[in-house]
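So the structure is just underneath, and the comments pick up after that.
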Amino acid sequence: MPQDIYDKISTMAKRRGFIYPSFEIYGGIAGFYDYGPLGAQLKLNIENLWRRFFVLKDNCVEISTPTITLFEVLKASGHVEEFTDLTVDCPKCKKSFKVEDIIGSTPVEEALKEKKIKCLGCGTILTNPHPVNLMFGTTIGIGDGRAAFLRPETAQGIFTNFHLLYRYNRERLPFGVVQIGKGYRNEISPRQGTLRQREFSMAEAEVFIDPKIKTHPKFPSIVNEPIKLFDNETEHNVTVGEAVSRHIINSQALAYYVHLTSSFLLTAGVDPKKFRFRKHASDELAHYATECWDAELYSERFGWIECVGIADRSAYDLNAHLQASGVDMYAVRKYDEPKVVKRRKITPKMDVLGPLFKQEAGKIKAILETMEAPAKGSLTVTVDKKTVKIPDNAYDVTEVEEKTPGEKFIPNVIEPSFGIDRVLYFLIEHNYKEVSKKDEEYTILSFPACIAPITAGVFPLTDDEKLVSVAEQINSDLRDAYIHTYFDTTGTIGRRYARMDEVGTPFCITIDHDTLSDHQVTIRDRDTTEQQRVPMKAIVGILKEKIACSAPVH
RNA sequence: GCGGAUAUGAUCUAGUGGUUAUGAUAUCGGCUUCCCAAGCCGGUCACACGGGUUCGAAUCCCGUUAUCCGCACCA
């Protein structure tokens, strides 16, 4: 098979220190990759660029929560059910089914023995039952510890802190919270290299909004920006404003983050021609989502690959945690003036309720205090699934006027969720260029300056001591200014340029004999190979400006 | 998970049941040269792992692992 771009990139990435297969000296394991020195720096640069968009520009706050997540959290969020499927295969029509779709709640072993599990299509007896559980389980503590999972997404760490974060944000909506970190999925069969890993990095933003005001404060500034949307039938080349007015995207808030994502990806260096947004069909939506747009990037080998999901998770998660934990996950929509409501308030008489209901009296009291007294008839409450009648002499009714400052509601969530490793791979693939120089194959990674792992090569033209010491000074000045450099005195200058081109270093600074007298150096541009003579003192400033990576026109 | 193919230095690769296992690139050292992968000399680094057959296995057989292709799966 001829080498395609994926093979070439894999080879280059390993050879030059971007990506290594993990644990290779012990045989390796599918779905795990190490980032070498250049890969780790590239990943850090991508994450920091992401922070510039989501934290600095969009005002989200960043938190950090454990990757080991308590069973209860993922039970409440639906992941325990949704990620654990027992699946059986049909040997005849080669289809797989969830066991529970076929036999309901019958124990599986029994059903297998009795050959009750038959293919819904052709009636053949199904075989090979295997659990498809995408979460890694573990136990916290020794012995009867508490069950836990490695998190399948960082989002739950944000949801479970909602009440604290809402207060941090001084009880105002909208606000966004981000987290960058590892997620884990025990993929059945990882393929496609780093595009499908079992441990992977994600950057997620959970933006909490009022479901009645699904907008974004900066939406007006982007209404005329173009965007390419594919709804599985038609490709719409529209403006962000049109996307919303024509209901291709169903809210301004969602559309805003579609645009922000686009802006981030293009700044990071994805090829606009290999980039689109695609809407999830209703049958591919996650269990928590009501609408989802994927940013898809095109790979020459793998086709269109989802790298970012921008989902409207509605109130799903906060509601789930509210139900399961009992902690208030509401926000308040303030009225212009507090509303005054007359209410027939119940005041329980504990001296009657206590002896009557014993240990249940406390629960009954709590329920009664939230209830409206019936205008007529008897009062009943439901405690532990039992309905009990409360005698008239066990409570008083008083008519009170209650002031309500606003309406309670569960916020909705817009979630842009980025697969960092996928973005990283695509930045390599989209920027991988082959040219031929003097009949030799020559490769260039045309990374934008803001994400390139090394910003500048620093080269004395010869290994003359005088040149080397000036170059060393320039090198340390740059490093003092947080600019990553690669200092190299060996080999010909062409070879040194070539080495930098292959790993995507945008600039090389060369110190030659003239530098000693005119205090100028040469800056060489990777993409044009053009050279510019500039004063030594100006270099830090020039490079800092280049790294700033202003947003491209698109 | 099922079926097929593959596995030799960091990379690409030659090779045979029998001495010390090719060659190139890269890398390191030396000489030389110095603005786009120059040359010469020298050095480091490999038969995926485990078992079997055999006097002898990197080579043949089996298993494992990984990778690639197809199927299935894929918030």
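Numbered from 1 within each chain, the chains take letters A, B, ... in sequence-line order. Any value given below was found using the heavy atoms of this structure, including those in side chains, with hydrogens, waters and symmetry copies removed.
- Among the heavy atoms of the strands lying under 4.0 Å from Y6(A) are primed sugar atoms or P, OP1, OP2 only; no base atom is included.
- With sequence neighbours excluded, the residues that form a ring-ring contact (aromatic ring centres under 6.0 Å, His included) with Y298(A) are W304(A).
- Counting non-hydrogen atoms under 4.0 angstrom, D512(A) reaches a base of the nucleic acid.
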Exercise. For each nucleotide in nucleotides 38-47 of chain B, reading 5' to 3', give B when a protein heavy atom comes within less than 4.0 Å of its base, S when such contact involves only the sugar-phosphate, and - otherwise.
Key: B---------
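- Here Y288(A) lies in heavy-atom contact (under 4.0 Å) with a base.
- Using a 4.0 Å heavy-atom criterion, one finds that T490(A) contacts no nucleic acid atom at all.
- Under 4.0 Å is where a charged nitrogen must lie from a carboxylate oxygen, and between K214(A) and D312(A) at least one such pair does.
- The aromatic ring centres of F162(A) and F208(A) sit less than 6.0 Å apart.
- Under the 4.0 Å criterion applied to side-chain N and carboxylate O atoms, E24(A) and K14(A) are assigned as salt-bridge partners.
- When each of R16(A), R496(A), R524(A) is paired with D501(A), the salt bridge (charged side-chain N to carboxylate O under 4.0 Å, His left out) condition holds for R524(A) and for no other.
- Using a 4.0 Å heavy-atom criterion, one finds that E24(A) contacts no nucleic acid atom at all.
- The phosphate of A48(B) (OP1 or OP2) has no side-chain N or O of Y26(A) nearer than 4.0 angstrom.
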Quiz prompt | CA sep, side-chain torsions, deciding dist, call: D4(A), R301(A), salt bridge (Lys or Arg N to Asp or Glu O under 4.0 Å) | solution = CA-CA 7 Å; D4(A) 69 4; R301(A) 176 182 283 199; 2.7 Å; yes
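- For the pair R278(A) and F230(A), the cation-pi criterion (under 6.0 Å, within 45° of the ring axis) is not fulfilled.
- Minimum atom distance to the side chain of L461(A) is reached by C35(B), of the listed C36(B), C35(B), U11(B).
- Contact check, R301(A) against C69(B): a side-chain N or O comes under 4.0 Å of OP1 or OP2.
- Remark: R499(A) is in phosphate contact with U27(B), judged by side-chain N or O atoms under 4.0 Å from OP1 or OP2.
- Nucleic acid contact for I29(A): sugar-phosphate only, since backbone atoms but no base atoms lie under 4.0 Å from a heavy atom of the residue.
- Looking at the side chain of R191(A), the nearest of the listed nucleotides C36(B), C34(B), C71(B) is C71(B).
- Of the listed nucleotides (C34(B), A66(B), A10(B)), A10(B) has the atom at the smallest distance from the side chain of R15(A).
- Here Y20(A) and F32(A) keep their ring centres 6.0 angstrom or further from each other.
- Counting non-hydrogen atoms under 4.0 angstrom, A498(A) reaches a base of the nucleic acid.
- Within 4.0 Å (heavy atoms only), D463(A) reaches at least one base atom of the nucleic acid.
- Between K75(A) and E81(A) there is a salt bridge, since at least one side-chain N of the basic residue sits less than 4.0 Å from a carboxylate O of the acidic one.
- Counting only Watson-Crick and G-U wobble pairs whose two distances sit under 3.5 Å, RNA chain B takes part in these stems of three or more pairs: B:1-7 with B:65-71, B:10-12 with B:23-25, B:27-31 with B:39-43, B:48-52 with B:60-64.
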